[in-house]
Participant: 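Before I ask anything, let me first share the structure, which is written out below as structure tokens.
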Amino acid sequence: MLGRKVLSDKYVTKLYNIFEKKNWKIWEEGDSSVFDRFCERLVELESDEERDLIIELTNEFLWIQSNMYEEYLLRAFKNLFKSEKWNPEKEKSIYICPLLPPRDFGKQKSSTHMLYLCQSILLRTYSEFQEKQVRICETPEILKEHADKIGELILIDDFIGSGETALECLEYLNFVNVKTYIVALVAQEEGINNISSEGISVFTAVSRKKAITDVYPEEEAKEKIKKMIKISKQLQAPKGMQLGYASTESLVAMIKTPNNTFPVYWCECKENSHAPFVRKGNIKVIGSEKKCENQQNF
């Protein structure tokens with residue numbers, strides 16, 4: 001393994017144990033595995049104190065890989081359907097739409113990938129998907145055209161961080177008398193609270209706290225935050241993202257790693273720098289000219 005040549009056995013062993021515990025693959029089909037890149041990232045850090053912090057946090061890291069999406073989606077929908085807030089109208093249809101703000105219209109986003117899973121055979125085992133008409137809209141723009149037909153609206157995404165995206169989408173839709181719910185595979189508690197304050201319920205398979213601020217005693221948290229900011233600056237993380245976008249302090253990777261996650265896990269801004277859960281923009285989807293113009297590296 002690449003990491004063994006430059007990383008002390010102590011950290012290789014600690015990282016190996018985490019991968020084993022979480023059932024993450026050590027070996028991959030490609031030339032550089034997630035494990036290898038993780039070792040390289042630990043080597044980039046300036047001190048063992050920093051490495052210890054990242055190892056400690058990684059014990060709580062959640063990686064939802066593509067083959068796990070349906071399982072988590074079913075759990076999230078189950079939480080919605082068993083809620084007292086779920087009270088569907090008999091005469092109208094359930095509408096499902098990706099959770100997209102206007103700034104993301106035309107982009108290839110994770111929320112649009114979720115739409116195909118909403119046609120799942122396993123979802124059809126729920127009575128709501130057997131007895132009701134379900135309509136799946138590809139964009140909020142299309143959804144607006146059907147506003148008078150909506151009985152219940154389910155806005156869907158794989159991950160909710162600060163809740164900013166959801167609030168922008170809700171503001172765009174501006175529905176007044178439509179029962180609206182948000183379903184996500186994983187959501188930060190902060191984002192759930194921000195959305196709930198607007199009267200919209202969020203249902204998720206997993207909710208997550210801020211990885212440092214909400215977990216450690218105040219003084220210890222402050223010291224760890226300082227270390228993480230130092231690490232992020234060392235890695236030349238984008239401005240304002242030293243603790244993840246909107247200081248979300250997330251420890252989550254999905255098919256694509258949210259930028260709400262600490263940059264140490266995904267940032268490759270420095271030359272010859274390698275991150276385990278990379279999200280750099282070298283892989284893009286080519287669509288219409290409008291879509292291409294809207295693509296971003298971060």
Side-chain angles (χ1 to χ4, degrees), residues 69-70 72-120 123-188 191-205 285 287-291 293-294:
Y69 265 49
E70 186 177 36
Y72 279 76
L73 181 64
L74 290 167
R75 286 165 55 183
F77 266 112
K78 182 178 179 180
N79 288 334
L80 167 62
F81 294 150
K82 72 180 183 182
S83 168
E84 294 179 357
K85 296 182 179 180
W86 177 251
N87 186 25
E89 295 182 36
K90 292 183 179 180
E91 303 301 323
K92 291 189 175 182
S93 300
I94 298 171
Y95 275 71
I96 300 175
C97 182
L99 192 62
L100 288 173
R103 59 187 165 86
D104 285 339
F105 290 174
K107 295 181 185 179
Q108 185 76 16
K109 303 295 288 185
S110 56
S111 57
T112 57
H113 166 74
M114 301 290 293
L115 295 185
Y116 185 73
L117 294 179
C118 288
Q119 303 172 61
S120 160
L123 263 179
R124 293 173 189 267
T125 63
Y126 292 118
S127 60
E128 285 81 358
F129 280 75
Q130 294 181 42
E131 300 166 4
K132 295 272 291 180
Q133 294 294 320
V134 178
R135 297 292 179 260
I136 297 176
C137 293
E138 292 183 344
T139 69
E141 293 169 295
I142 295 173
L143 182 67
K144 273 195 166 186
E145 299 172 7
H146 297 261
D148 60 335
K149 303 173 186 176
I150 301 172
E152 296 75 34
L153 170 59
I154 301 172
L155 297 171
I156 193 164
D157 206 347
D158 63 347
F159 176 80
I160 291 174
S162 66
E164 178 182 308
T165 293
L167 294 176
E168 288 181 28
C169 179
L170 291 166
E171 182 179 6
Y172 168 79
L173 292 172
N174 196 29
F175 290 154
V176 178
N177 295 315
V178 175
K179 290 184 288 185
T180 302
Y181 311 87
I182 292 178
V183 167
L185 307 188
V186 182
Q188 295 290 131
I192 294 173
N193 293 336
N194 289 339
I195 297 166
S196 298
S197 67
E198 298 298 320
I200 304 296
S201 298
V202 180
F203 297 90
T204 183
V285 176
S288 67
E289 289 184 7
K290 180 180 178 181
K291 287 182 179 181
E293 288 171 0
N294 282 331

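Along the sequence shown, residues are numbered consecutively beginning with 1. This structure is a prediction, so every number in the text was calculated from the model and none was measured.
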Participant: Please give me the minimum heavy-atom distance between L155 and L143, naming the atom from each residue.
Facilitator: CD2-CD2, 4.5 Å

Participant: Would you check if the side chain of Q130 reaches a backbone N or O of T125 as a donor-acceptor pair within less than 3.5 Å?
Facilitator: yes

Participant: Please answer whether the main-chain N or O of N79 pairs with a side-chain N or O of S83 as donor and acceptor at a distance below 3.5 Å.
Facilitator: no

Participant: For this output row, return yes or no: ring centroids of Y181 and F77 closer than 6.0 angstrom.
Facilitator: no

Participant: In this structure, are over 12 heavy atoms from other groups packed under 6.0 Å from R75 atom CZ?
Facilitator: yes

Participant: So for atom NZ, which belongs to K144, do other residues, nucleotides or ligands contribute more than 12 heavy atoms lying within a distance under 6.0 Å?
Facilitator: yes

Participant: Go through I160 and T165 one step at a time and tell me if the side chain to side chain contact (heavy atoms under 4.5 Å, CB included) criterion holds.
Facilitator: CA-CA 8 Å; I160 291 174; T165 293; over 6 Å; no

Participant: Can you give me the closest heavy-atom contact between A166 and L99, atom names plus distance?
Facilitator: CB-CD2, 3.7 Å

Participant: Ring-plane angle category for F81 and W86, please: parallel below 30°, perpendicular beyond 60°, tilted otherwise.
Facilitator: tilted

Participant: Which is it for F105 and Y172 under the side chain to side chain contact (heavy atoms under 4.5 Å, CB included) test, yes or no, and what are the steps along the way?
Facilitator: CA-CA 11 Å; F105 290 174; Y172 168 79; 3.7 Å; yes

Participant: Could you tell me whether a side-chain N or O of S162 sits under 3.5 Å from a main-chain N or O of E164, the two making a donor and an acceptor?
Facilitator: yes

Participant: Quick one: closest heavy-atom pair of I195 and L167, and the distance?
Facilitator: CA-CD2, 4.1 Å

Participant: Assess K132 against Y126: is NZ or CZ under 6.0 Å from the centre of the six-membered ring, and within 45 degrees of the ring's axis?
Facilitator: no

Participant: Heavy-atom count check: over 12 atoms from other residues, nucleotides or ligands less than 6.0 Å from E171 CD?
Facilitator: no

Participant: To the nearest 0.5 Å, how far apart are OG in S197 and CD1 in I192?
Facilitator: 12.5 Å

Participant: Should I142 and H146 be marked as a side chain to side chain contact (heavy atoms under 4.5 Å, CB included) after you check the CA-CA gap, both sets of side-chain angles, and the distance that decides it?
Facilitator: CA-CA 7 Å; I142 295 173; H146 297 261; 4.2 Å; yes

Participant: Which value, rounded to the nearest 0.5 Å, describes the distance between I154 atom CD1 and C137 atom SG?
Facilitator: 12.0 Å

Participant: Walk me through whether F159 and Y72 qualify under ring-ring contact (aromatic ring centres under 6.0 Å, His included).
Facilitator: CA-CA 11 Å; F159 176 80; Y72 279 76; over 10 Å; no

Participant: Please check this pair: side chain of Q133 against backbone of K92, looking for a donor-acceptor N/O pair closer than 3.5 Å.
Facilitator: no

Participant: Please report the interatomic distance OH(Y95) to CD1(I150), rounded to the nearest 0.5 Å.
Facilitator: 6.5 Å

Participant: Please report the closest heavy-atom contact between A187 and T204, naming both atoms and the distance.
Facilitator: N-OG1, 3.5 Å

Participant: Distance check, rounded to the nearest 0.5 Å: K78 atom NZ versus L73 atom CG?
Facilitator: 13.5 Å

Participant: Go through it in stages, so that I can follow the logic: the residues are I200 and I182, the test is side chain to side chain contact (heavy atoms under 4.5 Å, CB included), and I'd like the CA-CA distance, side-chain angles, deciding distance and then a yes or no.
Facilitator: CA-CA 7 Å; I200 304 296; I182 292 178; 4.0 Å; yes

Participant: Verify, without hydrogens or angle tests, whether D157 (side chain) and A184 (backbone) share a donor-acceptor contact under 3.5 angstrom.
Facilitator: no

Participant: Can you name the one residue among V183, I96, I156 that meets side chain to side chain contact (heavy atoms under 4.5 Å, CB included) with M114?
Facilitator: I156

Participant: What pair of heavy atoms forms the shortest contact from E138 to P98, and how long is it?
Facilitator: O-CG, 3.1 Å

Participant: Hey, what do you get for CZ (R135) to CG (L153), rounding to the nearest 0.5 Å?
Facilitator: 14.5 Å

Participant: Working to the nearest 0.5 Å, report the span between CG of L100 and CD of E168.
Facilitator: 11.0 Å

Participant: Minimum heavy-atom separation for C169 to P140, with atom names?
Facilitator: SG-CG, 4.2 Å

